[in-house]
Amino acid sequence: MEASDIHIDCEFEYKTLFRMRLDRIVRDINQLSEHHHKAVVARIKIMVGLDISEKRMQQDGKLMFDIGE
C-alpha cells in the first residue's frame with residue numbers, strides 16, 4: 001500500500017486500531033481484539049529493533065518489506 005507511517009492506537013478499552021498514512025491521510029485499516037494486542041505490538045517492536053519493555057513513551061523505528069511478488 002506504500003504507507004509512510006503505521007499507527008497502532010490502543011486508546012479504546014476493547015480494541016486496538018491499526019491506521020496507515022496513505023497519501024498524507026491517516027486511514028483506519030484494521031482492528032484487533034484486546035487479547036492479541038500485546039503479542040502483535042511486541043513482535044513489531046522486535047522486528048523494528050525497539051525496546052519491548054518501553055510502554056509509556058513513543059518510539060520511532062523503520063521496517064521495510066515486500067509482500068507477494
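Predicted model, so just to flag it, every value in this text is computed and none were measured.
- D51 has its side chain within reach of Q59: a pair of non-hydrogen atoms, C-beta onward, lies under 4.5 Å apart.
- Between the NZ atom of K38 and the NZ atom of K55 there is a distance of 7.5 Å, given to the nearest 0.5 Å.
- Looking at F18 and V40, their side chains come closer than 4.5 Å, going by heavy atoms from C-beta outward.
- Here the straight-line distance linking atom CZ of R27 with atom CZ of R21 works out to 11.0 Å at 0.5 Å rounding.
- Distance check: I29 CD1 to L17 CG gives 11.0 Å after rounding to the nearest 0.5 Å.
- There is no path of hydrophobic side-chain contacts, each under 4.5 Å, that joins V41 to I52.
- Note: R19 CZ to I25 CD1 = 14.0 Å, rounded to the nearest 0.5 Å.
- The minimum heavy-atom distance between D60 and L50, with the atom names listed, is O-CD2, 3.5 Å.
- Around the CZ atom of R43, the shell of radius 6.0 Å holds no more than 12 heavy atoms that belong to other residues, nucleotides or ligands.
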